[in-house]
Structures are given as C-alpha cells and as structure tokens.
Amino acid sequence: MQDIELEFEEFGTSIELISSLGDKELSDLVTELNNLQFQKDNNSNQIGDVISRYFQEEESNLILKVLGDLTSSVMEFSDLFAHPISDILEDFLKDKCKDKKISNAIVKIIIHSPAIYKEARLKKIRSINASSFIGSRIISSIRPVFDTAENSLTEDFQSLLFHELSITYNVKNEEREFFVTLDEDDLSILSRTIGRALEKNKILKDKFEL
C-alpha cells in the first residue's frame with residue numbers, strides 16, 4: 001500500500017506537544033473532542049476552542065491542522081483501497097509514533113470524534129467539485145450608436161444598455177474569471193433561475209434539517 005504523505009516535521013511536533021500532556025489531561029482532551037457534535041457553520045472553531053484549552057494558540061492551530069490532514073489522508077486511502085480507516089490509521093501510526101498511549105489517543109480522536117471526522121468528509125466532498133465559486137459582480141453600461149455616415153451622434157441617436165456579468169471562481173487553487181454580456185431579458189432569466197435555486201435550497205434544508 002502506498003504510504004500516507006504528511007509533513008513529518010509538523011506531525012512530529014504535534015506528537016511531542018500531545019505527549020507533553022499528563023494522563024488525565026490527555027484523557028480529558030480525547031473525551032472533549034469525542035463529545036463534540038458536528039456544526040456546519042462553526043465546526044473548526046469549536047474544535048480549536050477545545051484544543052486551545054490545553055495548548056498555546058500557535059500550538060493549537062498546528063495540532064488542529066495535523067489532525068485534519070491526517071483524517072483526510074486516511075479517509076482518502078480508505079476510499080481508494082477499501083480498507084477500514086482504523087486499520088490504515090494504526091498502520092501509519094505504528095511507524096510514525098512509538099508511544100502507544102499517544103497512538104491510541106489519536107485513533108480515538110479521529111475515529112470517534114464526529115466533529116473532526118465529518119469536517120474532513122465535508123472538505124473532501126467539496127474538493128470533488130471541478131470548481132468553486134468565489135464572487136461575482138455586474139457592471140452596467142450604456143453604449144451609444146453612432147451615425148456611420150458622419151461618425152457622430154444625431155439628435156435622435158439610439159443607445160443600448162448592457163450588463164456584463166463577471167464570475168470569479170477557483171480551479172485547483174487557481175483563481176479564474178468568466179465574463180458574459182447580458183440584456184434585460186437575460187437578467188430576468190438569471191433572476192428567476194437563482195430564485196428557483198433558493199426555493200429548492202429552502203425545501204431541502206427544511207426536509208433534511210440541514
């Protein structure tokens with residue numbers, strides 16, 4: 001089986017930090033993390049709040065990152081090779097962490113903490129999408145129609161109103177921008193489409209209690 005790729009320096013530092021906890025502190029940390037329920041809008045913050053009760057802010061951020069990276073990695077290997085996550089995690093830890101007590105604690109945190117596990121799963125689902133939305137804007141402009149014979153505006157000149165939609169999105173950490181010109185009818189279609197999407201979003205959220 002291919003080895004799990006992690007920044008070993010970061011992982012090693014995290015192991016040293018976790019190893020510095022006493023038995024009771026380590027047990028309390030594991031229990032607190034396992035008792036956390038996944039919160040869609042505030043999940044990383046609540047995990048960080050628990051870890052920060054045992055470590056300094058910079059140390060907490062590092063441990064949070066390593067736990068997330070490790071969870072994502074073992075989850076990916078589990079999906080690829082159809083092996084239980086616990087087996088992959090234990091196989092990785094036996095070579096990278098010689099302290100059995102710390103290894104067991106990490107396994108318990110990743111396997112039994114809904115907040116940490118579901119956070120990694122959600123990030124993976126999001127990453128499957130080919131692109132992700134960053135932002136948008138619409139620039140409106142009036143374009144006069146010149147008299148071709150005299151290259152000037154006549155008293156009854158015509159003008160056209162245009163709207164340029166700009167959508168900024170991300171593809172594999174690369175920011176891109178897409179432009180399309182719209183008229184009033186196009187804006188109405190776009191508005192109706194977004195309106196229907198918002199209605200479906202509300203129905204699905206209410207149905208599945210999201």
Side-chain angles (χ1 to χ4, degrees), residues 1-132 170-174 208-210:
M1 183 186 300
Q2 183 183 354
D3 193 17
I4 298 175
E5 295 182 1
L6 282 176
E7 292 293 334
F8 186 73
E9 181 179 353
E10 289 186 343
F11 180 79
T13 302
S14 296
I15 291 298
E16 291 178 2
L17 289 170
I18 296 174
S19 298
S20 69
L21 296 177
D23 290 347
K24 186 179 185 309
E25 288 180 309
L26 179 60
S27 176
D28 289 346
L29 173 62
V30 173
T31 299
E32 283 197 68
L33 289 174
N34 288 351
N35 287 338
L36 286 179
Q37 296 304 309
F38 177 75
Q39 295 182 7
K40 183 178 179 181
D41 299 322
N42 194 43
N43 200 57
S44 292
N45 289 337
Q46 70 161 346
I47 299 172
D49 288 343
V50 169
I51 298 175
S52 65
R53 289 200 280 271
Y54 298 86
F55 303 96
Q56 299 296 321
E57 181 178 359
E58 186 174 341
E59 296 171 342
S60 299
N61 292 336
L62 176 63
I63 292 172
L64 177 62
K65 177 181 182 301
V66 168
L67 286 176
D69 289 346
L70 182 56
T71 306
S72 297
S73 295
V74 295
M75 188 179 293
E76 181 177 352
F77 275 69
S78 175
D79 292 341
L80 284 174
F81 300 104
H83 283 295
I85 287 179
S86 57
D87 290 353
I88 296 175
L89 184 56
E90 289 171 0
D91 186 59
F92 168 76
L93 290 173
K94 73 180 181 182
D95 296 326
K96 302 295 192 296
C97 179
K98 302 303 181 183
D99 190 327
K100 190 66 175 177
K101 179 183 66 176
I102 302 301
S103 293
N104 289 339
I106 293 174
V107 171
K108 289 178 181 178
I109 289 172
I110 290 179
I111 301 299
H112 300 294
S113 173
I116 291 178
Y117 182 85
K118 290 184 179 180
E119 176 77 9
R121 178 63 70 182
L122 183 62
K123 287 181 178 179
K124 181 180 180 182
I125 291 173
R126 286 173 174 166
S127 69
I128 292 174
N129 296 326
S131 59
S132 57
N170 183 290
V171 179
K172 295 181 179 179
N173 295 322
E174 178 183 346
F208 297 100
E209 299 181 351
L210 299 174

Just by modelled atom types, is the [Y] backbone N or O under 3.5 Å from a matching donor or acceptor in the [X] side chain?
X	Y	answer
Ser78	Pro84	no
Ser27	Asp23	no
Ser52	Ser60	no

Say you draw a straight line from [atom1] of [X] to [atom2] of [Y]; how long is it, rounded to the nearest 0.5 Å?
X	Y	atom1	atom2	result
Glu90	Ile111	CD	CD1	8.0 Å
Lys94	Ser103	NZ	OG	11.5 Å
Asp91	Lys96	CG	NZ	9.0 Å
Leu17	Gln56	CG	CD	10.0 Å
Ile18	Glu16	CD1	CD	11.0 Å

**Q.** Positive for side-chain hydrogen bond (donor to acceptor under 3.5 Å, both in side chains) with Asn43, one of Lys118, Gln37, Glu119
**A.** Glu119
Q.
Show, in sequence, the C-alpha distance, side-chain angles and deciding distance for Val66 and Thr13, and conclude whether the side-chain contact (heavy atoms from CB on, under 4.5 Å) test is met.
A. CA-CA 10 Å; Val66 168; Thr13 302; over 6 Å; no
Is [Y] close to [X] at the side-chain level, that is, under 4.5 Å between some pair of heavy atoms?
X	Y	answer
Tyr117	Met75	yes
Ile116	Ile47	yes
Leu89	Leu70	yes
Leu26	Ile102	yes
Leu93	Phe11	yes
Phe55	Leu64	no
Tyr54	Ile63	no
Glu58	Leu62	no

Q) Taking it one step at a time, do Ile109 and Thr71 satisfy side-chain contact (heavy atoms from CB on, under 4.5 Å)? A) CA-CA 10 Å; Ile109 289 172; Thr71 306; over 6 Å; no
Q) Do Asp28 and Lys24 sit within salt-bridge range, that is, some charged N less than 4.0 Å from a carboxylate O? A) yes
Q: Can you see which heavy atom on Asn34 is nearest to which on Lys108, and at what distance?
A: OD1-O, 3.2 Å
